[in-house]
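This report concerns only the one structure given below.
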2 protein chains.
Amino acid sequence: MAMPLRARNRQSAVHHIIDTAMDLFDEHGYQQVTVDQIAAAAGVSPRTFYRYFGSKEGLFTTDPYASTDLAEVGRYLDVHDIPGSFQRLVTLIAERSGPDAGRTGQAWRGMRYVLEEPPVRAAVYAALEEGSRGLADLLRAEGMTATAARVTARAYWFGVYFGSLEQWHLDGRVRPLPDYVTEALAALRASGATG
Amino acid sequence: MAMPLRARNRQSAVHHIIDTAMDLFDEHGYQQVTVDQIAAAAGVSPRTFYRYFGSKEGLFTTDPYASTDLAEVGRYLDVHDIPGSFQRLVTLIAERSGPDAGRTGQAWRGMRYVLEEPPVRAAVYAALEEGSRGLADLLRAEGMTATAARVTARAYWFGVYFGSLEQWHLDGRVRPLPDYVTEALAALRASGATG
DNA sequence: TGTCAGTTTGGCAGTCTCTGCCATATTGAC
DNA sequence: GTCAATATGGCAGAGACTGCCAAACTGACA
């Protein structure tokens, strides 16, 4: 409620367009639906659509509810316990996506297309890279070398974080999400133990 | 030389187009150069360009010399020593890119645009995901769970492998590439030791 | 050498994504 | 109620990409 009126209106418009687009995608398929159709169905001009989302794939990377912003990561990050940090972070996300999830739950509608449509996938990966780079900056600020920070950030952000979300989704979202992170962290630790 | 004539001609055409495109990119910038211009400069029709590369970004993901194919990974993979496997794999790549590198050395010309141009970056990430998925399949075939395989593959492929290449390139390619992998693996091991 | 099937290439028309520009409408403050 | 800031819409156009068909080319075989 601290958000000014303008921003709130914009946000509700964004959500409405996303929902409309997902409806169309579910019915006709991602590639078959044009931006013009989405805009028309949502009652805005195509020009406005592009102002909001930048691109068709922007539908999957723009929603602030669907992605975790970096400030939040910073709050949960302990450089000396990275696995624990990710466990806490994902647990938080899981709570938000619980049974009482409002719009947050809807955000997962798009995951199907992230998995199935290469252009969407590419866009989401580019967005993930943003997060990974931010995390790497945090790690470097704590004394890690450039190489260590880059590699660690990407391994945990792409591997542990996104990998867990993905597998959780593929399994139908029935098992608790934190379990996947636990398993992911164990696998990562086991893989490195031998070398 | 085992390659049939047709395939060899095609490959030399591909290399010629890539070289021509990189020249144009270096001179005018990636976004400023159109596919039509590349095709014209290389002496082929735009239609043929698209048949070869599929897209403008395909210039960076098509060259077989620039990417490591999965069969090769399979040969070097030991599930019980994943860090060692990657160390060996990257050492091989480094040897290929040595001072005597012919076309292979040229392949690195594109890395600049992979780092700087978001569309190129997205395309390369999508291609990396292919490799990661293939690696995950290999790991699952050796008894890993789906989650462990997915997470491990992505952490090493995106993090250790690509992260090392990237940092090596950013540092001017003066230090030996395998050193970066060693450092990356150590960082990964250290990060997980505490959890 | 000449023929012929299979493959590769080029040209064309058209769709879709995305952007710059300017006019119009809406908003929120005073 | 007026005004400046901001959001929206419409338009024109560039560039990426595809389907389609005709022309050129390749390599084998008679």
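By convention in this document, chain letters (A, B, ...) are assigned in the order of the sequence lines, proteins followed by strands, and residues within each chain are numbered from 1.
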Rounded to the nearest Å, what distance is computed from the [atom1] atom of residue [X] to the [atom2] atom of nucleotide [N]?
{"X": "B:Q32", "N": "D:dG15", "atom1": "CD", "atom2": "C1'", "result": "13 Å"}
{"X": "A:K56", "N": "C:dT19", "atom1": "NZ", "atom2": "C1'", "result": "18 Å"}
{"X": "A:Y30", "N": "C:dC16", "atom1": "OH", "atom2": "P", "result": "14 Å"}
{"X": "A:D36", "N": "D:dC11", "atom1": "CG", "atom2": "P", "result": "13 Å"}
{"X": "B:F53", "N": "D:dG15", "atom1": "CZ", "atom2": "P", "result": "20 Å"}
{"X": "B:H28", "N": "D:dG15", "atom1": "NE2", "atom2": "C1'", "result": "17 Å"}
{"X": "A:Y50", "N": "D:dA12", "atom1": "OH", "atom2": "C1'", "result": "15 Å"}
{"X": "B:F49", "N": "C:dG11", "atom1": "CZ", "atom2": "P", "result": "16 Å"}

With sequence neighbours left out, which residue pairs that include part of residues 176-185 of chain A fulfil the side-chain hydrogen bond (donor to acceptor under 3.5 Å, both in side chains) condition?
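Qualifying pairs: A:Q87-A:T182, A:D171-A:Y180, A:E183-B:T145.
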With a 4.0 Å cut-off, would you call B:R88 and B:E95 a salt bridge?
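Looking at B:E95 together with B:R88, the answer is no, because their closest N to O distance does not fall below 4.0 Å.
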Salt-bridge test for B:R112 and B:E116: reply yes if a basic N is under 4.0 Å from a carboxylate O, no otherwise.
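Between B:E116 and B:R112 there is a salt bridge, with a charged N closer than 4.0 Å to a carboxylate O.
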Of all the choices, D:dC17, D:dC20, C:dC16, which nucleotide is nearest to the side chain of B:R47 once you look at every atom?
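Per side-chain heavy atoms of B:R47, the pick is D:dC20.
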Taking only the side-chain heavy atoms of A:T34 (C-beta and beyond), determine which of D:dC17, D:dA16, C:dC16 contains the nearest atom.
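The listed nucleotide nearest to A:T34's side chain is C:dC16.
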Taking only nitrogen or oxygen atoms into account, show me every contact under 3.5 Å that the protein makes with nucleotides 6-9 of chain C, one pair per line with its distance.
| residue | atom | partner | partner atom | Å |
| --- | --- | --- | --- | --- |
| C:dT9 | OP1 | B:Y52 | OH | 2.8 |

Ring centroid separation A:F162 to B:F158 under 6.0 Å
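Aromatic pair excluded; centres sit 6.0 Å or further apart.
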Side-chain atoms of residues 135-143 of chain B: list all donor-acceptor pairs with protein atoms under 3.5 Å, sequence neighbours left out, distances to 0.1 Å.
| residue | atom | partner | partner atom | Å |
| --- | --- | --- | --- | --- |
| B:D137 | OD1 | B:R140 | NH2 | 3.1 |

Look at the rings of A:F86 and A:Y156 and say which category their plane angle falls in: under 30° parallel, 30 to 60° tilted, over 60° perpendicular.
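Correct class here is tilted.
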